[in-house]
Protein chains: 4
Amino acid sequence: MAQTDTVTRILDTAEVLFAERGFAETSLRNITGKAKVNLAAVNYHFGSKKALIQAVFARYLDPFSERFHNAIDELEATYGEEVIPLEVLLETMARTVLEVPAERHSLKVFMRLLGLAYSQAQGHLRRYIQEQYGTVFTRFVELVRQATPELPDAERFWRLHFVLGTVIFTFSGLDALRDISEKDYGEHVSVRNLVKRMRPVVVAAMQAPLPDLDGQDTDKTVTVLTGAG
Amino acid sequence: MAQTDTVTRILDTAEVLFAERGFAETSLRNITGKAKVNLAAVNYHFGSKKALIQAVFARYLDPFSERFHNAIDELEATYGEEVIPLEVLLETMARTVLEVPAERHSLKVFMRLLGLAYSQAQGHLRRYIQEQYGTVFTRFVELVRQATPELPDAERFWRLHFVLGTVIFTFSGLDALRDISEKDYGEHVSVRNLVKRMRPVVVAAMQAPLPDLDGQDTDKTVTVLTGAG
Amino acid sequence: MAQTDTVTRILDTAEVLFAERGFAETSLRNITGKAKVNLAAVNYHFGSKKALIQAVFARYLDPFSERFHNAIDELEATYGEEVIPLEVLLETMARTVLEVPAERHSLKVFMRLLGLAYSQAQGHLRRYIQEQYGTVFTRFVELVRQATPELPDAERFWRLHFVLGTVIFTFSGLDALRDISEKDYGEHVSVRNLVKRMRPVVVAAMQAPLPDLDGQDTDKTVTVLTGAG
Amino acid sequence: MAQTDTVTRILDTAEVLFAERGFAETSLRNITGKAKVNLAAVNYHFGSKKALIQAVFARYLDPFSERFHNAIDELEATYGEEVIPLEVLLETMARTVLEVPAERHSLKVFMRLLGLAYSQAQGHLRRYIQEQYGTVFTRFVELVRQATPELPDAERFWRLHFVLGTVIFTFSGLDALRDISEKDYGEHVSVRNLVKRMRPVVVAAMQAPLPDLDGQDTDKTVTVLTGAG
DNA sequence: GATGAATGAGAGTTCATTCAT
DNA sequence: CATGAATGAACTCTCATTCAT
């Protein structure tokens, strides 16, 4: 009980502070001070700061991974030989992401952490996530491939990353963007509200017409976005 | 010359290290060591680490700001009373963004910095950028507003940031993504090629149908992306 | 034991160096180097250099404060309704001052510190001393008031500060003065000896005839000390 | 002119800052910044910080020394073979001290500096003052000796410094003390008024009965101020 | 099983001084 | 005659980690 208590208090405090300030800007003293546990407890229970960071992620990603595998299993059972539509895949992904922290933790924190994983990952975290949770994403990407047969593979690859950029950027800069939005439009947007706004944009992005890549890299005039200029 | 040399060497080194590791993870000793200047030189020339960070941004954003104002002036002169089409605005923005670092600096670094500005901004940087460069963005957003009268203001704000996320994420992680793309699809993509791929996606994202936000934050059933579920 | 040892060694060394050189001229490296403890130990045990300075004072002033309150309690019990004579008050004050460091620490160091408290106090120390030990001095001053009913309040205020100036100046410049005295008169004076020398001077100062303040601030000729010139 | 200007501005600023904060706590940057001169100017014009400190003192002590010598010359001419009375000597000293800063500088600053010279002197300053201005003080002390033949030499030395402490302490802390006095007693005291108050106190201090120094430093019973205890 | 004490490394910053121009 | 640039040394303080108990 005392141990569980300590470990949990550390994790609860760490995830909040990491989400607020980032990894480097959050010291173990910050965490143990706010959690009211001994400074040495982090190294005692987790071994190192890096291991603590990974543990914070694992507490979200382990259940996410499990649920998402289950959800895909169900989808495959339902659709059988049929192709699962893109929107259903996206919806399933989104629902799982939202479900995981709904129980005990904060969705906002989870999203900020995902953002940090990309923008602040010092290597060890990126590697850890890829090793631990790579398969579930691979499985998802394969289903997306079947759902978008009209897209060339390279095009699909880039579009998925365009969309990933939207999601990661939005959530990693969430606090800043929300501040501006609140100040300028008087609207407080919840994470759920943001996810709803993203839906049509993401779908439209994936289904946009193919680009005209003829003569690429040979034009001397820098006519970038519009064909005609 | 001596001064220019030292100041420039510090800025050149700092922007690369900041882009690679982030602000907190880059010490002044890292910077001055690599730049082969005295440790105290940073504080002598810039006053503090915070001021150095701002100076790194200013070196990109000052010329960007000037060029973009000029470009918009020209557009307004050309179109007169007419509304400037969205695609022309996006094309102008893209051209300016590409021009600035093209001369001496790296597009990738610029994009990484922009990403950091959102995800790592400790307040002082966010405030600085808003104060120094707010007007040019405001002007751009106002023109986008006229070009997309069908979008509610808040919706336009978020979609612009969704798109910004796509651009920054893609270009700031360019090297890694390019490696994967080359390995998996045998295609070497140039920046110009990538910009062409982005064009239809960005336009589609801005013109996607409006989301259904009814009952937001009150729904008990978590039906997120699809209306029907 | 280990802790007591480190804390005590830091305090012992700090008080000597502070007394010798002053606060600003004594670095934490000086202290920890001489005390043979780790540089970080000061911040670990005390939090900051300012807090260390305060702790050095507290180690003298806490017992002083307690003893002086007790001594005054005894005096009041002894004299009952009667007024406590001025000489007894001064004697009690002096005895308490001498007793405190007699046990373990150096009287000279204590005196130098008191001198520094006035001449070098950067604000935080003056505030700290006033907050922590103000009441005991207030109590003393009130008794002096009762012992010198013939003095107007303002006159008593100034004379107490005249005397304070004598004490503080002498002890804060102790080393310098002692050097000169030793060189010129071949006499090594102890602090105890000095206190004995001060006694008749202080008593005489407090009991000096009242000044003639008539026509003050109106004479044009600067005839300062003697009325006749 | 430019040079004179710079040197003067440095001296003017330095004396104020030194008096306010002490020597170690005042950096050359503080001084040159406030004086609006180049940082290197101090080293250029004075050679070092130590030399600047000495120059600050010289600007007060040089005219003081000259005037005081003149004043004593006049006294000796007037009194001839006769002994000059103590009160006349003190009056002369006081008048000279007040005259020097009266012209351009601040009495308070002068007094604070004198206080610092004793409490903060790191050696070089003490030596400098002794070398440069020792003779004038020696001459004064010799006259005091003739005026107080009943005092042992060492006793006279200490009493003069007791009195010096009163004067320096009072005038260097003048503003703070005056505030308290004004608040508590509703009296605004001028410098002239204070000097009048000091006169009987100083005279009484010099003429107080001799202390009983028997058994000094060997007494086991701590009977300090009163003979009887 | 848990913790107070301790530590080496390194952080940003400030310092008086020097030097080339 | 004067100064902007530069520097080596030292500053206080915080860091993640280790260890004896």
Side-chain angles (χ1 to χ4, degrees), chain A residues 1-7 23-33 37-53, chain B residues 1-7 10 23-33 37-52, chain C residues 1-7 10 23-33 37-52, chain D residues 1-7 23-33 37-53:
Chain A
M1 157 94 164
Q3 189 224 355
T4 311
D5 217 41
T6 298
V7 167
F23 303 126
E25 293 86 352
T26 303
S27 71
L28 296 188
R29 270 174 180 74
N30 291 153
I31 296 168
T32 54
V37 302
N38 187 275
L39 170 60
V42 169
N43 281 78
Y44 178 71
H45 287 289
F46 297 93
S48 71
K49 188 182 182 180
K50 284 183 179 177
L52 170 63
I53 294 175
Chain B
M1 158 97 163
Q3 186 220 356
T4 310
D5 222 41
T6 299
V7 167
I10 292 174
F23 303 126
E25 293 86 351
T26 304
S27 73
L28 296 187
R29 278 173 175 80
N30 291 154
I31 295 169
T32 55
V37 302
N38 188 277
L39 168 62
V42 169
N43 279 79
Y44 175 73
H45 287 290
F46 298 94
S48 70
K49 189 181 182 181
K50 283 184 180 180
L52 170 61
Chain C
M1 159 95 163
Q3 185 220 355
T4 310
D5 223 40
T6 299
V7 167
I10 291 173
F23 304 125
E25 293 86 350
T26 304
S27 72
L28 296 187
R29 273 177 176 77
N30 292 154
I31 296 169
T32 55
V37 302
N38 188 276
L39 170 61
V42 169
N43 279 81
Y44 174 73
H45 288 289
F46 298 94
S48 71
K49 189 182 181 180
K50 284 184 179 179
L52 170 62
Chain D
M1 155 97 165
Q3 188 224 353
T4 311
D5 217 42
T6 298
V7 168
F23 303 127
E25 293 86 350
T26 303
S27 72
L28 295 188
R29 269 175 180 75
N30 292 154
I31 295 168
T32 55
V37 303
N38 186 274
L39 169 61
V42 169
N43 281 77
Y44 178 71
H45 287 290
F46 297 92
S48 71
K49 188 182 182 180
K50 285 183 179 178
L52 170 62
I53 293 175

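Chain A is the first sequence line, chain B the second, and so forth, proteins listed ahead of strands; every chain is numbered from 1.
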**Prompt:** His45(B) side chain N/O closer than 4.0 Å to the phosphate oxygens (OP1, OP2) of dA5(F)?
**Reply:** no

**Prompt:** Which dot-bracket notation, 5' to 3', represents the base pairing of DNA chain F when pairs are defined as Watson-Crick or G-U with both distances under 3.5 Å, crossing pairs as [ ], and inter-strand pairs as |?
**Reply:** .||||||||||||||||||||

**Asked** How far apart are the closest heavy atoms of Asn38(B) and Thr32(B), and which atoms are they?
**Response** O-CG2, 3.6 Å

**Nearest-Å distance for atom pair CD1/C1', residues Ile31(B) and dA11(E)** = 12 Å

**Request:** Answer yes or no: does a side-chain N or O of Tyr44(C) lie under 4.0 Å from OP1 or OP2 of dA6(E)?
**Result:** no

**Request:** Mind listing the closest non-hydrogen atom pair of Asn30(A) and Glu25(A) along with its distance?
**Result:** OD1-O, 3.8 Å

**Request:** Would you confirm whether Asn43(C), through its side chain, and Ala40(C), through its main-chain N or O, come within 3.5 Å as a donor-acceptor pair?
**Result:** no

**Prompt:** Rounded to whole angstrom units, what separation is found between the CD1 atom of Ile10(C) and the P atom of dA5(E)?
**Reply:** 12 Å

Can you tabulate the close N/O pairs, meaning under 3.5 Å, that link protein atoms to atoms of nucleotides 9-13 of chain F?
unit_1	atom_1	unit_2	atom_2	d
dC11(F)	OP1	Ser27(C)	OG	2.8
dT12(F)	OP1	Leu28(C)	N	3.3
dT12(F)	OP1	Lys49(C)	NZ	3.1
dT12(F)	OP2	Leu28(C)	N	3.0
dC13(F)	OP2	Lys49(C)	N	2.8

**Asked** Nearest 0.5 Å, what's the CZ-CG distance between Arg29(A) and Leu39(A)?
**Response** 5.0 Å

**Asked** In chain order, what residues pass the side chain to side chain contact (heavy atoms under 4.5 Å, CB included) check against Leu52(C), with sequence neighbours excluded?
**Response** Ile10(C), Leu11(C), Ala14(C), Phe18(C), Leu28(C), Ile31(C), Val42(C), Phe46(C), Val56(C)

**Asked** Roughly, in whole Å, what's the span from CD in Glu25(B) to P in dA16(F)?
**Response** 12 Å

**Prompt:** OP1 or OP2 of dA5(E) less than 4.0 angstrom from a side-chain nitrogen or oxygen of Thr6(C), does that happen here?
**Reply:** no

